[in-house]
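The structure appears below as structure tokens.
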Amino acid sequence: MKKVIATTSAPGAIGPYSQAIDTGTFVFASGQIPLNPATGKIPEGIQAQTAQSLANVCAILEAAGLTVDNVVKTTVFLSDMANFAAMNDVYGKVFTEPYPARSAVAVRELPKGVLVEIEVLAAR
């Protein structure tokens, strides 16, 4: 079983992908960039961008009937590893123990020139 999760409280998919897919056991959320779905704007700075990306993640989880407490794995994509500590500070205020498993990698470039993109895997 595969169900599409979609909400207007997070940026819509721009292309042939879904905001998230619910398999009944797991919800796989596509990477979320820090685009404010209400304004279409991207905030300045890594901390504000991390907060917006995580707000988008939370909106998708809510649409699936879940919260950050259901998240078992995250992947954080950074345009510059020098932003890791500042991202981690914001990230640590959203997730609580037991923290999800996480990968954090620097990539050459992210969509719309943002500094961070975050994807999650959540369990029911």
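Note that these values count all heavy atoms, side chains included, but never hydrogens, waters or copies made by symmetry.
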Which pairs count as salt bridge (Lys or Arg N to Asp or Glu O under 4.0 Å) when at least one residue sits in residues 100-116, sequence neighbours excluded? none

Examine L110 and V105 and state if one hydrophobic cluster contains both, with Ile, Leu, Val, Met, Phe, Trp and Tyr joined whenever side-chain heavy atoms are less than 4.5 Å apart. yes

Residues 10-66 vs ring pair (Phe, Tyr, Trp, His ring centres under 6.0 Å), sequence neighbours excluded, gives none

Just do the side-chain contact (heavy atoms from CB on, under 4.5 Å) check on L61 and V71 with the steps written out, would you? CA-CA 9 Å; L61 291 170; V71 175; 3.7 Å; yes

Same cluster or not: V107 versus V76, using hydrophobic residues (I, L, V, M, F, W, Y) connected whenever any side-chain heavy atoms lie under 4.5 Å apart? no

Salt bridge (Lys or Arg N to Asp or Glu O under 4.0 Å): which pairs involve residues 25-35, sequence neighbours left out? none

Under 3.5 Å, which donor-acceptor pairs do the side chains of residues 77-86 form with other protein atoms, sequence neighbours left out?
{"residue": "D80", "atom": "OD1", "partner": "A82", "partner atom": "N", "Å": "2.8"}

Quick check for you: to the nearest 0.5 Å, what is the distance between T74 atom OG1 and I118 atom CD1? 7.5 Å

So does D69 get a backbone contact from the side chain of T67, meaning a donor-acceptor N/O pair under 3.5 Å? yes

Atom CD of E119: over 12 foreign heavy atoms under 6.0 Å: yes

The criterion is side chain to side chain contact (heavy atoms under 4.5 Å, CB included); which residues satisfy it with S103, sequence neighbours excluded? K73, T75

Using links of under 4.5 Å between side-chain heavy atoms of ILVMFWY residues, direct or through other members, which residues join V4 in one cluster? I21

Please tell me if the side chains of V27 and L66 come closer than 4.5 Å, counting only heavy atoms from C-beta onward. yes

Donor-acceptor contact below 3.5 Å, side chain Q19 vs main chain P11: yes

Taking ring pair (Phe, Tyr, Trp, His ring centres under 6.0 Å) as the test, write out the residues that go with Y91, two or more places apart. F95

Answer yes if V57 and Y99 sit in the same cluster of Ile, Leu, Val, Met, Phe, Trp and Tyr residues linked by side chain heavy atoms under 4.5 Å apart, and no otherwise. yes

Does S30 offer a backbone N or O that forms a donor-acceptor pair with the side chain of Q32 under 3.5 Å? yes

Enumerate the residue pairs fulfilling salt bridge (Lys or Arg N to Asp or Glu O under 4.0 Å) with a member in residues 89-100, sequence neighbours excluded, ordered by first and then second residue. D89-K93

Contact check, side chains of V68 and V120, non-hydrogen atoms, under 4.5 Å: no

So the side chain to side chain donor-acceptor pair (under 3.5 Å) pairs with at least one residue in residues 50-59 (sequence neighbours excluded) are Q52-N56

Using the rule that Ile, Leu, Val, Met, Phe, Trp and Tyr join whenever any side-chain heavy atoms are under 4.5 Å apart, tell me whether L121 and L54 fall into a single cluster. no

Looking at side-chain heavy atoms only, is the closest gap between P34 and P43 below 4.5 Å? yes

Measure across S9 and P37 and return the closest heavy-atom pair with its distance rounded to 0.1 Å. O-CG, 3.2 Å

In the hydrophobic cluster built from side-chain contacts under 4.5 Å, what are the other members alongside I60? I5

Can you list every pair that meets salt bridge (Lys or Arg N to Asp or Glu O under 4.0 Å) and has a residue in residues 3-23, with sequence neighbours left out? D22-R124

Would you compute the distance between atom OG1 of T23 and atom CE of M1 and round it to the nearest 0.5 angstrom? 7.5 Å

Sequence neighbours excluded, which residues qualify as side chain to side chain contact (heavy atoms under 4.5 Å, CB included) partners of T39? N36, K41

For A20 and A29, the nearest pair of non-hydrogen atoms, with its separation, is CB-CA, 3.8 Å

I46 CD1 to L115 CG distance, which is reported to the nearest 0.5 Å: 5.0 Å

